[in-house]
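Hydrogens, waters and symmetry mates play no part in the numbers below; they use all other heavy atoms, side chains included.
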Amino acid sequence: MATEKQTMGFQAEVKQLLQLMIHSLYSNKEIFLRELVSNASDAADKLRFEAINDGSLFEDDPELKITIGFDKAARTITISDNGIGMNREEAISHLGTIAKSGTKEFFSRLSGDQQKDAALIGQFGVGFYSGFIIADRITVETRRAGSPADQGVRWESEGAGDFSIEAINKPGRGTDIILHLREGEDEFLSVWQLKSIIRKYSDHISLPILMKKEEWNDEKKETVETDELETVNQASALWTRSKSDITPEQYEEFYKHVSHDFGAPLAYTHNRVEGRSEYTQLLYIPARAPFDMWDRNKRGGIKLYVKRVFIMDDAEQLMPVYLRFVKGVIDSADLPLNVSREILQESRDVRAIREGSTKRVLSLLEELANSDDQAQKDKYAGFWTEFGQVLKEGIGEDAANKERIAKLLRFASTHNDSDAQTTSLADYVGRMKEGQDKIYYVTAENYQAGKNSPHLEIFRKKGVEVLIMTDRVDEWLLSFLTEFEGRELASVAKGGLDLGQLENEAEKKQHEDTQAEYKDLVEKMKEALADKAKDVRVTFRLTDSPACLVADENELSGNLVRMLKAAGQNAPESKPTLEINPDHPLVQRLKYEQARFGDWSHILFDQALLAEGGALGDPAGFVKRLNDMLLGMASR
């Protein structure tokens with residue numbers, strides 16, 4: 001083992017994070033103590049877990065605790081724990097690098113706006129580095145539980161570009177963090193100030209947080225520090241307390257502890273479940289989406305405890321992937337203390353906890369969505385903006401709760417004339433026209449493309465509402481969500497138009513006559529467009545546009561094909577059907593066109609492709625045909 005003092009450089013991301021943090025978080029600098037106490041608590045949890053299989057790790061000090069003190073003369077604050085501690089390699093790894101997935105994405109999201117960046121940094125989790133907000137030098141003295149006293153480590157840095165590391169003798173296991181305060185930070189050298197921060201942010205920590213007691217000295221006529229230690233926090237796991245004993249502020253601070261978010265949660269639920277499985281759940285829905293929400297390999301935000309003993313962070317088996325944004329704690333009374341991730345995958349108790357917790361989160365969302373209180377409804381609207389696309393994944397992943405999730409979905413709609421996703425399927429059904437038996441939708445790359453789609457024209461004319469689906473996940477969702485409360489979901493851009501009872505007998509008769517009248521034109525166009533169109537037919541779904549493209553019922557929509565190609569996927573090649581509007585002047589003129597019939601047909605097809613957001617196979621050919629047409633008309 002290297003014993004001499006070594007100087008090493010920080011990972012580049014650490015340097016960047018330190019600079020950002022000191023500037024962005026300075027207005028909320030007292031959070032350094034919350035973060036360092038939280039780390040000390042985690043260290044104790046890890047020791048308790050490892051000691052399940054090796055009791056000797058407790059050495060001769062089985063009472064886990066956190067001790068906080070300060071030295072006015074030296075201008076230092078010390079946070080000590082007798083948890084798991086670190087060896088030399090762990091100190092270099094944990095204190096000199098950020099080993100997190102999504103680190104690059106996190107830095108790319110930073111905007112330079114201090115307030116927004118502070119929230120993002122909080123989501124990322126600043127942990128140990130928060131000490132540099134008030135300290136210009138940090139010394140860490142640590143020894144891993146079970147290692148000899150002479151294998152202690154001292155790590156020290158001024159938070160610039162490097163740190164030093166050396167071996168020391170440390171009789172007690174665990175970690176001491178000594179903060180050497182910057183000029184102007186002496187306000188923290190106060191028992192009252194430190195105690196008030198601990199009670200504000202860390203009262204819920206289940207370990208005792210100890211500080212020296214203060215007493216009034218009659219001789220000195222002032223309060224003096226004694227050698228006696230007192231517990232500053234409640235020192236009981238928050239989730240084990242009765243709900244009536246916990247204030248909203250305490251729930252909020254515990255959320256910040258488990259999530260490292262700086263803001264308050266959107267909603268939370270705290271329950272003790274008894275029956276086949278016995279467990280306590282304290283689950284939170286964040287107000288903002290984390291920066292790495294789209295990383296489906298990221299483990300969830302649930303901490304697993306067994307009989308109040310910490311077992312693991314990010315226990316992904318306890319919550320389905322589509323609820324990966326949920327944070328909190330689940331404490332089981334039934335699982336074995338030596339449970340592993342492998343055992344979690346097989347356990348019947350874990351399945352029961354997962355099912356119960358999933359239902360509880362969905363119930364919480366239903367309470368917000370269906371509330372008569374506008375403030376609660378607004379909360380759900382905020383939730384949908386942040387997490388709606390993730391919740392949609394549940395339609396395909398969770399067959400048992402598919403109907404409940406379907407009721408929570410929200411979409412943009414022609415009813416609102418806005419891109420805000422506020423329409424539920426139940427709202428749509430409640431507004432259906434008499435004789436309407438389907439829920440109509442259109443998928444598009446964005447709201448404007450969907451709203452202006454030629455496929456909507458007949459529906460707009462008849463006053464029939466159409467849902468506008470623009471999220472990338474929507475096409476996938478629709479392969480699982482084919483009906484709602486017995487009503488089929490029907491794409492306005494697929495198959496033949498069937499308006500059912502929305503079309504009267506006179507209209508049907510008129511359509512039959514028109515189709516017969518245009519039969520020869522349709523056959524001629526099929527021949528001209530044989531290389532592009534599977535079929536050509538007269539349509540009555542258009543009122544303003546001359547033509548549109550539709551896919552067959554069981555084929556991929558044009559929008560999905562474009563998405564797959566953009567993602568580098570192979571999409572099955574299939575030709576669309578061209579539908580023409582017999583009432584449009586361009587189509588009527590085509591009946592009598594001879595010389596340029598082929599060019600006119602190709603222009604109509606290409607225009608229809610462009611109108612639905614598609615890309616032309618031969619843009620130059622389209623431009624040439626169009627220019628020739630314009631020149632020909634101009635010369636007449």
Do [X] and [Y] have side chains that get closer than 4.5 Å, going by heavy atoms?
{"X": "Arg324", "Y": "Glu393", "result": "yes"}
{"X": "Ile395", "Y": "Leu409", "result": "yes"}
{"X": "Asp471", "Y": "Phe411", "result": "no"}
{"X": "Arg199", "Y": "Val232", "result": "yes"}
{"X": "Asp261", "Y": "Tyr284", "result": "no"}
{"X": "Ile302", "Y": "Val326", "result": "yes"}
{"X": "Asn82", "Y": "Leu47", "result": "no"}
{"X": "Asp349", "Y": "Ser332", "result": "no"}

Please confirm whether the ring centroid of [X] lies under 6.0 Å from the ring centroid of [Y].
{"X": "Tyr251", "Y": "His270", "answer": "yes"}
{"X": "Tyr380", "Y": "Phe383", "answer": "yes"}
{"X": "Tyr255", "Y": "Tyr268", "answer": "no"}

Is it true that atom [atom1] of [X] has more than 12 heavy atoms of other residues, nucleotides or ligands lying nearer than 6.0 Å?
{"X": "Lys407", "atom1": "NZ", "result": "no"}
{"X": "Glu403", "atom1": "CD", "result": "no"}
{"X": "Lys402", "atom1": "NZ", "result": "yes"}

Which atom pair, heavy atoms only, marks the closest approach of [X] to [Y]?
{"X": "Lys200", "Y": "Glu30", "answer": "NZ-OE2, 2.8 Å"}
{"X": "Asp417", "Y": "Tyr447", "answer": "C-OH, 3.2 Å"}
{"X": "Leu467", "Y": "Ser413", "answer": "CD2-CB, 4.1 Å"}
{"X": "Glu386", "Y": "Ala287", "answer": "CG-O, 3.4 Å"}
{"X": "Val442", "Y": "Val466", "answer": "N-CG1, 3.8 Å"}
{"X": "Lys377", "Y": "Ala369", "answer": "NZ-O, 3.6 Å"}

Straight-line distance of [X] [atom1] to [Y] [atom2], nearest 0.5 Å:
{"X": "Ser259", "Y": "His257", "atom1": "OG", "atom2": "NE2", "value": "10.0 Å"}
{"X": "Thr240", "Y": "Ile246", "atom1": "OG1", "atom2": "CD1", "value": "8.0 Å"}
{"X": "Leu283", "Y": "Lys327", "atom1": "CG", "atom2": "NZ", "value": "12.5 Å"}
{"X": "Arg351", "Y": "Gln317", "atom1": "CZ", "atom2": "CD", "value": "12.0 Å"}
{"X": "Tyr279", "Y": "Leu304", "atom1": "OH", "atom2": "CG", "value": "12.5 Å"}
{"X": "Ser363", "Y": "Asn271", "atom1": "OG", "atom2": "CG", "value": "9.0 Å"}

Please check: side-chain N/O of [X] versus main-chain N/O of [Y], any donor-acceptor pairing under 3.5 Å?
{"X": "Ser371", "Y": "Leu368", "result": "no"}
{"X": "Asp398", "Y": "Gly394", "result": "no"}
{"X": "Asp334", "Y": "Glu278", "result": "yes"}
{"X": "Thr385", "Y": "Ala381", "result": "yes"}
{"X": "Asn416", "Y": "Ser418", "result": "no"}

Verify side chain to side chain contact (heavy atoms under 4.5 Å, CB included) between Ile66 and Asn233, making sure each step is shown before the conclusion.
CA-CA 11 Å; Ile66 299 167; Asn233 63 326; over 6 Å; no
Is it the case that [X] and [Y] place a side-chain donor and acceptor less than 3.5 Å from each other?
{"X": "Arg241", "Y": "Ser236", "answer": "yes"}
{"X": "Thr358", "Y": "Asn401", "answer": "no"}
{"X": "Gln374", "Y": "Asp378", "answer": "yes"}

Less than 4.0 angstrom from a charged side-chain N to a carboxylate O is my criterion; do Arg360 and Glu367 meet it?
yes
Output, in order, the C-alpha distance, side-chain angles, deciding distance and verdict of salt bridge (Lys or Arg N to Asp or Glu O under 4.0 Å) for Glu465 and Lys433.
CA-CA 9 Å; Glu465 184 175 356; Lys433 306 280 282 185; over 6 Å; no
If the condition is salt bridge (Lys or Arg N to Asp or Glu O under 4.0 Å), which residues does Glu63 pass it with, not counting sequence neighbours?
none
Just do the side chain to side chain contact (heavy atoms under 4.5 Å, CB included) check on Ser202 and Leu33 with the steps written out, would you?
CA-CA 9 Å; Ser202 306; Leu33 196 55; over 6 Å; no
Report the C-alpha separation of Arg487 and Gln436 in whole Å, then their side-chain angles, then the decisive distance to 0.1 Å, and conclude whether the side chain to side chain contact (heavy atoms under 4.5 Å, CB included) test is met.
CA-CA 10 Å; Arg487 293 171 176 86; Gln436 183 182 346; over 6 Å; no
Trace of the side chain to side chain contact (heavy atoms under 4.5 Å, CB included) decision for Asp45 with Lys303:
CA-CA 11 Å; Asp45 280 341; Lys303 289 177 182 280; over 6 Å; no
Tell me, please, which residues at least two apart from Ser424 pass side-chain hydrogen bond (donor to acceptor under 3.5 Å, both in side chains).
Asp427
